[in-house]
Amino acid sequence: MSSGRDILELAKQNDLLSDDELRRLVVAASLSGNKGFQGSVEKAVLGKSIQRYQYPFDYGSEIGDIGLGETFRSQVFSISQDDLSKHLLAVGQSGSGKTTLFYNLYRSIGVPVWFFDLKQDYRHLASRDDLLVLPWSKLRLNPLRPPNGVSPRRWAQVFSEMFGHSTALLSGSKNYLLKSVIKLYRAYNLFEEVSEPFPSLFELQALIEADSMSYMRKSSNYRDTVLNRLEAMNLTAGTIFDCSRGHDLEKLLKRDVVFEFDGLSRDVQNFLMEILFAYVFEFRLAQNQRDSGLRHLFFLDEGKRVFSVYKERQNASGLPEIDELTAKMREFGEGLVVGDQEPGKLTDSIKANTYTKVLLPLGDRKQFDEVADSLNLSERQREFAQGLGTGEAVVQVGNGTPVPVSLDDYSLEKQVSDEDLERRQAENWTSLSYESRSLTPGFKSLVAPGRSDEVESPEIVEDPQGELDLSSDADQFLKDVVENPFRGLTERYSDFPSSYKGNKAKNELVDNGVVVERKVHTEKGKRKLLQLTDKGREYAETELELEVKHRGRGGVIHRYWQNQIKDLFEEADWSAFLEKFDADVYVNMGNTELVVEVAMGDNPREIKHVEEHLERFDTVWIACRNQEVREGLRQRLAENSLEDDRVVFRLFREFSKEQLPST
């Protein structure tokens, strides 16, 4: 029989002392000399220890109007909208269920939401009639126009903070930027009367370009740093900022909106998210729209992009304003749902200011411990949580007990192509108004005294005009992109003395609108490809005198799979050709012919191609990007009475030499 001290130690090891009744018995047994009593308490502790080992959590559930799923003891687990007004943080590896959790939250809440979408994860939700999906190419926003009720001087400070944080400016450069914005506002007479027109980022760039100063002064470095950031932003996202007044954000606050930022550079994406956060907060503050409940909700995956611990710890730039906003927003009914794969890279502020925390499967032990510590999980609970599967999570609301939950699933609509999105959203897009840029006499005289009143129109990525001054490293990198379009970034970096130099050259091309990055998923994992823009093609042909030829048609990912499939057939001793007989891949082996269509999306034109090919060829293969595309095309075939044994579906990942017919 164990002593009283042994019983106490056993209870501690198995996290049983939080049970008030059992704790009193254990303490009494440790003080008592009665062996019979100690034996009874020991049995109770052992019994509880076995239960705790099997399921080391309390039987807890939350009561609210937003269901998340069921506990592992088949109890409904839900949270309230008021909980979301205090923010939610969900962490988990890719594919663990974060996005599905976001879908279900969106389905359940009763307030308008804004999604900041960096990977086109939410466009299929456009089946909801009231949801506006806004790709960045359709967005018009003037970050220099203050929200209603916010003074220009106040907004100049907010803008400078957001721009500086998102583009990693330090204090000296941010102060220079602030002075420039105030100077620009004065030129537009905004301190006398807050009215149209408002200057845009292009006028700010022109003002700074006209700021001549001695390069012996330190402030010239601040000028060049700010100008570099502005030029890159206006270059890559010029159409967004080409306005005096953008879309009416106050109206958009009353509806569900998906802001699609996929395809923009990281700095531009970060700036757009942060300035929109700040705009909403400053508008609510100016209108005194305080609210004890949830009024509006932001969704942001890849939270470290905005709430970066490295920027938070960058002492020279001060405490980021965006960190302070997370604590202040809840007072105005603005909730924030943040997701990420690497909690260790999130700011301490966002982790401290999220009332609800959701731990999904995390493969990295260091990242797992980061969250487990914040949830105060015991060793037994950590062991349990490390075995979570996809769609399973440990959820903690406030200071409540952590609870394992099997999250609800969400039935996804088939993939939405750009064409489908435009068909659904065209009316929404045309209803959004904005006002073009307008220059004041004060501005004209300030930036160009005695010269033309004209100010250049914005240059955008798709515009082939405009001079480029690329470094020799960037030219070398671009030449490799032209000559080896399907080569991965890691391989390209090996051509340089260091990966750092290779990455710097790549970023120079991206920031100047010469190439855009695209991700392709292969059986060996993700690979980043680079696709030439029209500007990049013209530069390569005229400045580098390169012959730019495409092996295949469509975007770089489509062409990548065309070439991969062609090469696989050739390795299997078939004769394969690109773009022959109007097929993505034509294959011939004597008496047998087949064609392969590469389907990136569930598009009606794929069905038309199949119908034409069936009239001529023995077999038609359809190579599909994913299962949703495959099932969507199968349904379209059935609807068009084209079901045929000669039509074969294959996913991209199913293509291998072993699975192809042999000669």
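Positions are given from 1 along the sequence.
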Check: Is the Trp114-Phe299 ring centre distance short of 6.0 angstrom?
Finding: no
Notebook entry, point to check: Using the ring of each side chain (for Trp, its six-membered ring), is Phe102 parallel, tilted or perpendicular to Tyr122, with breaks at 30° and 60°?
Noted result: parallel
Item checked: Leu360 side, atom CG; Thr390 side, atom OG1 - distance, nearest 0.5 Å -> 9.0 Å
Next item on the list: Report the C-alpha distance between Phe281 and Phe332 in whole Å, list the side-chain angles of each, state the deciding distance to 0.1 Å, and finish with yes or no for ring-ring contact (aromatic ring centres under 6.0 Å, His included).
Entry: CA-CA 8 Å; Phe281 172 75; Phe332 297 88; 5.5 Å; yes
Check: To the nearest 0.5 Å, what is the distance between CD (Gln81) and CG (Leu105)?
Finding: 10.5 Å
Checklist line | Side chains of Leu285 and Arg290 in contact at under 4.5 Å (non-hydrogen atoms) | finding: yes
Margin query: Please tell me whether Asn148 and Glu250 have a donor and an acceptor in their side chains that are separated by less than 3.5 angstrom.
Written below: yes
Notebook entry, point to check: How are the rings of Tyr279 and Phe283 set to each other: parallel, tilted or perpendicular (split at 30° and 60°)?
Noted result: parallel
Margin query: Using the side-chain hydrogen bond (donor to acceptor under 3.5 Å, both in side chains) definition, which of the options Asp420, Asp418, Asp262, Asp117 pairs with Arg123?
Written below: Asp418
Notebook entry, point to check: Are the side chain of His296 and the backbone of Gly335 linked by a donor-acceptor contact shorter than 3.5 Å?
Noted result: no
Check: Does Arg140 count as lying over the ring of Tyr434, i.e. NZ or CZ under 6.0 Å from the six-ring centre, within 45 degrees of the axis?
Finding: yes
Next item on the list: Measure the spacing between OG of Ser200 and CD of Gln205 and express it to the nearest 0.5 Å.
Entry: 9.5 Å
Notebook entry, point to check: What's the shortest heavy-atom distance between Pro199 and Asn142, and which atoms?
Noted result: O-ND2, 3.0 Å
Next item on the list: Answer yes or no: is there a side-chain heavy-atom contact under 4.5 Å between Arg284 and Met329?
Entry: no
Next item on the list: Just do the side-chain contact (heavy atoms from CB on, under 4.5 Å) check on Leu118 and Asp301 with the steps written out, would you?
Entry: CA-CA 8 Å; Leu118 308 183; Asp301 209 345; over 6 Å; no
Check: If every non-hydrogen atom of Arg382 is compared with every non-hydrogen atom of Leu377, which pair is closest and at what distance?
Finding: NE-O, 3.0 Å
Notebook entry, point to check: In chain order, what residues pass the side chain to side chain donor-acceptor pair (under 3.5 Å) check against Arg625, with sequence neighbours excluded?
Noted result: none
Next item on the list: Taking the side chain as every heavy atom from C-beta outward, state whether Thr356 and His87 have any pair of such atoms under 4.5 Å apart.
Entry: no
Note to self: Apply side chain to side chain donor-acceptor pair (under 3.5 Å) to residues Ser80 and Asp83 and explain how you reach the verdict.
What the structure shows: CA-CA 5 Å; Ser80 69; Asp83 292 333; 3.2 Å; yes
Check: If every non-hydrogen atom of Trp429 is compared with every non-hydrogen atom of Val133, which pair is closest and at what distance?
Finding: NE1-O, 2.8 Å
Margin query: For the backbone of Gln289 and the side chain of Arg295, can you confirm whether one donor and one acceptor N or O come within less than 3.5 Å of each other?
Written below: yes
Note to self: If I take atom CE from residue Met273 and atom CD from residue Glu302, how far apart are they, to the nearest 0.5 angstrom?
What the structure shows: 8.0 Å
Check: More than 12 heavy atoms of other residues, nucleotides or ligands under 6.0 Å from CG of Asn399: is that the case?
Finding: no
Margin query: Is it true that Ser85 and Asp82 share a donor-acceptor pair across their side chains at a distance under 3.5 Å?
Written below: no
Next item on the list: Using a 4.5 Å cut-off on heavy atoms from C-beta on, say whether the side chain of Val258 contacts that of Leu132.
Entry: no
Note to self: What verdict does the side-chain contact (heavy atoms from CB on, under 4.5 Å) test give for Val226 and Leu230, after you've listed the backbone C-alpha separation in whole Å, the side-chain angles of each residue and the deciding distance to 0.1 Å?
What the structure shows: CA-CA 6 Å; Val226 172; Leu230 266 175; 4.3 Å; yes
Notebook entry, point to check: Is any NZ, NE, NH1 or NH2 atom of the basic residue among Glu517 and Lys506 found under 4.0 Å from an Asp or Glu carboxylate oxygen of the other?
Noted result: yes
Next item on the list: Look at the rings of Tyr103 and Tyr410 and say which category their plane angle falls in: under 30° parallel, 30 to 60° tilted, over 60° perpendicular.
Entry: tilted
Notebook entry, point to check: If every non-hydrogen atom of Gly513 is compared with every non-hydrogen atom of Leu235, which pair is closest and at what distance?
Noted result: N-CD2, 4.1 Å
Item checked: Approximate separation, where rounding is to 0.5 Å, of Ser173 OG and Leu227 CG -> 11.5 Å
Check: How far apart are the closest heavy atoms of Arg229 and Thr167, and which atoms are they?
Finding: NE-O, 2.8 Å
Note to self: Please enumerate all residues that pass side-chain contact (heavy atoms from CB on, under 4.5 Å) together with Gln531, with sequence neighbours excluded.
What the structure shows: Val516, Arg518, Val556
Next item on the list: Taking Lys98 for its side chain and Gly95 for its backbone only, find out whether a donor-acceptor pair lies under 3.5 Å.
Entry: no
Checklist line | Minimum heavy-atom distance between Leu249 and Leu141, given as atom pair plus value | finding: CD1-CD1, 3.8 Å
Notebook entry, point to check: Where the side chain of Glu70 meets the backbone of Ser406, is there a donor-acceptor pair that is under 3.5 Å apart?
Noted result: no
Next item on the list: List the steps and the verdict of side-chain contact (heavy atoms from CB on, under 4.5 Å) for Ser78 and Asp65.
Entry: CA-CA 6 Å; Ser78 58; Asp65 48 4; over 6 Å; no
Margin query: Do Lys351 and Val371 make a side-chain contact, defined as non-hydrogen atoms from C-beta onward lying under 4.5 Å apart?
Written below: no
Margin query: Within the 4.5 Å heavy-atom criterion, are Val358 and Leu101 side-chain neighbours or not?
Written below: yes
Notebook entry, point to check: Centres of the Phe115 and Tyr106 rings: under 6.0 Å?
Noted result: yes
Item checked: Whether Gln367 side chain and Gly344 backbone form a donor-acceptor pair below 3.5 Å -> yes
Check: Got a second to check how far Tyr222's OH is from Leu177's CG, nearest 0.5 Å?
Finding: 13.5 Å
Margin query: Under the criterion ring-ring contact (aromatic ring centres under 6.0 Å, His included), I'd like the reasoning laid out for Phe116 against Phe298: C-alpha separation, chi angles, the key distance, then a yes or no.
Written below: CA-CA 8 Å; Phe116 292 151; Phe298 289 98; 5.8 Å; yes
Next item on the list: State, with a plain yes or no, whether a side-chain heavy atom of Gln381 is found less than 4.5 Å away from one of Ser378.
Entry: yes
Check: How about Glu334 and Leu294: do any of their side-chain heavy atoms sit closer than 4.5 Å?
Finding: no
Next item on the list: Determine yes or no for a side-chain-to-main-chain donor-acceptor pair under 3.5 angstrom, with Asp340 supplying the side chain and Pro343 the backbone.
Entry: no
Checklist line | By salt bridge (Lys or Arg N to Asp or Glu O under 4.0 Å) - contacts of Glu419 (at least two apart) | finding: Arg605
Margin query: Could you go through Ser166 and Asp267, starting from their C-alpha distance and side-chain angles, then the distance that decides it, and tell me whether this counts as side-chain contact (heavy atoms from CB on, under 4.5 Å)?
Written below: CA-CA 6 Å; Ser166 61; Asp267 278 359; over 6 Å; no
